[in-house]
Amino acid sequence: MQNRRQWIKLATAAISALWLGAAALPAPAAAAEKLTVFAAASLKDALDAANAAWAGESGKEAVASYAASGALAKQIENAAPADIFISADRDWMDYVAKKNLIKADSRSDLLGNRIVLVAEKDKAKPVEIKQDFDLAGLLGDGKLAMGEPKSVPAGKYGMAALEKLGVWKSVETKVAGAESVRAALALVSRGEAPYGIVYQTDAAADKGVAVVGTFPADSHPPIIYPIAILASSKNPEAAAYLDFLKSDKAAAFFTAQGFTILK
């Protein structure tokens, strides 16, 4: 019996020592907070590559959420957690700026782009885009795929160009307005629309389409992608990430997809 009691006391002491030792160990370091980027859908390929380079260089992770700029701006307005916003036009950046949702001194114009007319690759023939060109005739009974003209930046630019060229009224009822420029691109790539208006960078990202014409730069407002840190961001890496995207190293990823760099 005596031996049994001694054994129990020793076992209890050993367990207590293990418990106290475990309690004394430092807690695992908290995982580094991810940087969340709300970015226009047209940026996906280039920004994914830039984010991978950022992770390799800094050891930090940037996670991008892609959608139409207007949809992202509304999410920001509704307090969705994010650190960086990259819009495909100034209007939606202005929208969040007026509501004091960005750090004003962090805002700058990052990239430029062009809009083009695309067709399914196997059916593509060159189209001369000029004043009063017969886009309605080219469409026939088909639809013109483009971002929703009232809210999606690519759609707004496309509508402005068609209005300037005197073509909008003849095709307005044929427009298939998509929730984002990538969704419009997919309609053409899948053969659901004979033509679409997208950014040249999107056309380069989809092997199922071909550019059949480029809209004159003076037919629409300049296509500019502003970037800013959100006012709600507490991530200490946000400023360094912003600087990285403006660096020559990151510029290579954007120019490879057809963007122009704005300094």
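The heavy-atom pair separating K143 from L139 by the smallest distance is O-CD2, 3.5 Å. Nearest heavy-atom pair, A205 versus D45, reported as atom, atom and distance to 0.1 Å: CB-OD1, 3.5 Å. Across all their heavy atoms, I115 and A161 have their closest contact at CD1-CB, 4.0 Å. Residue S189 comes nearest to G208 through the heavy atom pair OG-CA, 3.8 Å, listed as atom of the first residue, atom of the second, then distance. In this structure, V116 and A203 approach most closely via the heavy-atom pair CG2-CB, 4.2 Å. The two residues Q200 and G258 make their nearest non-hydrogen contact at NE2-O, 2.9 Å.
At distances below 3.5 Å, at least one donor-acceptor pair connects side-chain atoms of S247 with backbone N or O atoms of F244. Between the side chain of E237 and the backbone N or O of K60 there is no donor-acceptor pair closer than 3.5 Å. For the pair S87 (side chain) and D89 (backbone), a donor-acceptor distance under 3.5 Å is present. Within the 3.5 Å criterion, the main-chain N or O of G70 finds no donor-acceptor partner in the side chain of S151. Panel note: side chain Q131, backbone K164; a donor-acceptor pair is recorded below 3.5 Å. Distance alone, capped at 3.5 Å, is enough to place a donor-acceptor pair between the Y199 side chain and the A154 backbone.
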- Check the pair L117 / I197 against side-chain contact (heavy atoms from CB on, under 4.5 Å), numbers first and verdict last. CA-CA 5 Å; L117 187 68; I197 299 175; 4.0 Å; yes

- Criterion side-chain contact (heavy atoms from CB on, under 4.5 Å) on N235 and Y241, from CA distance to verdict: CA-CA 10 Å; N235 195 307; Y241 176 79; over 6 Å; no

- Message: Y195 vs V127, test: side-chain contact (heavy atoms from CB on, under 4.5 Å). Steps then yes/no.
- Response: CA-CA 11 Å; Y195 292 95; V127 174; 4.3 Å; yes

- Tell me, with the steps shown, if D91 and K156 meet side-chain contact (heavy atoms from CB on, under 4.5 Å). CA-CA 10 Å; D91 288 348; K156 292 160 66 178; 3.2 Å; yes

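Taking the side chain as every heavy atom from C-beta outward, K174 and L135 never approach each other to under 4.5 Å. Counting only heavy atoms from C-beta outward, the side chains of P226 and R107 approach each other to under 4.5 Å. F215 has its side chain within reach of L162: a pair of non-hydrogen atoms, C-beta onward, lies under 4.5 Å apart. D202 is not listed as a side-chain neighbour of V118, based on a closest heavy-atom distance of 4.5 Å or more.
Hydrophobic clustering (side-chain heavy atoms under 4.5 Å, transitive across Ile, Leu, Val, Met, Phe, Trp, Tyr) groups I261 together with L245. The same ILVMFWY cluster, assembled from side-chain heavy atoms under 4.5 Å apart, contains both L43 and V198. Grouping the Ile, Leu, Val, Met, Phe, Trp and Tyr side chains by contacts below 4.5 angstrom, directly or via other members, places L144 with V209. Clustering ILVMFWY residues whenever any of their side-chain heavy atoms sit less than 4.5 angstrom apart, transitively, puts L187 in a cluster other than the one holding V171. V188 and Y157 end up in the same hydrophobic cluster when Ile, Leu, Val, Met, Phe, Trp and Tyr side chains are linked at under 4.5 Å.
Hydrophobic side-chain contacts under 4.5 Å tie M93 into a cluster, directly or through other members, with F38, L72, I76, F85, W92, Y95, V96, L101, I102, L230. Grouped with L262 in one hydrophobic cluster are I224, the linkage being side-chain heavy-atom contacts under 4.5 Å among Ile, Leu, Val, Met, Phe, Trp and Tyr residues.
Atoms OG1 and CZ, on T201 and F254 in that order, are 11.0 Å from each other to the nearest 0.5 Å. How far CD1 of I84 is from CD1 of I227: 5.5 Å, rounded to the nearest 0.5 Å. To the nearest 0.5 Å, atom CG of residue L111 and atom CG of residue L47 are 9.0 Å apart. Separation of atoms OG1 (T255) and CG (D248) is listed at 10.0 Å; rounding is to 0.5 Å. Expressed to the nearest 0.5 Å, how far OG of S170 lies from CG of L165 amounts to 10.5 Å. Expressed to the nearest 0.5 Å, how far CG of N51 lies from NZ of K44 amounts to 10.0 Å.
In summary, D83 and K103 do not engage in a salt bridge, as defined by a charged side-chain N under 4.0 Å from a carboxylate O.
The local environment of CZ in R90 is sparse, with at most 12 non-hydrogen atoms from other residues, nucleotides or ligands closer than 6.0 Å. The local environment of CD in E179 is sparse, with at most 12 non-hydrogen atoms from other residues, nucleotides or ligands closer than 6.0 Å.
In this structure, a donor-acceptor pair under 3.5 Å is absent between the side chains of S180 and Y66.
Aromatic rings from Y225 and F259 are positioned such that their centres are separated by under 6.0 Å.
Partner of S42 under the side chain to side chain contact (heavy atoms under 4.5 Å, CB included) criterion, out of V181, L185, I86: V181 alone.
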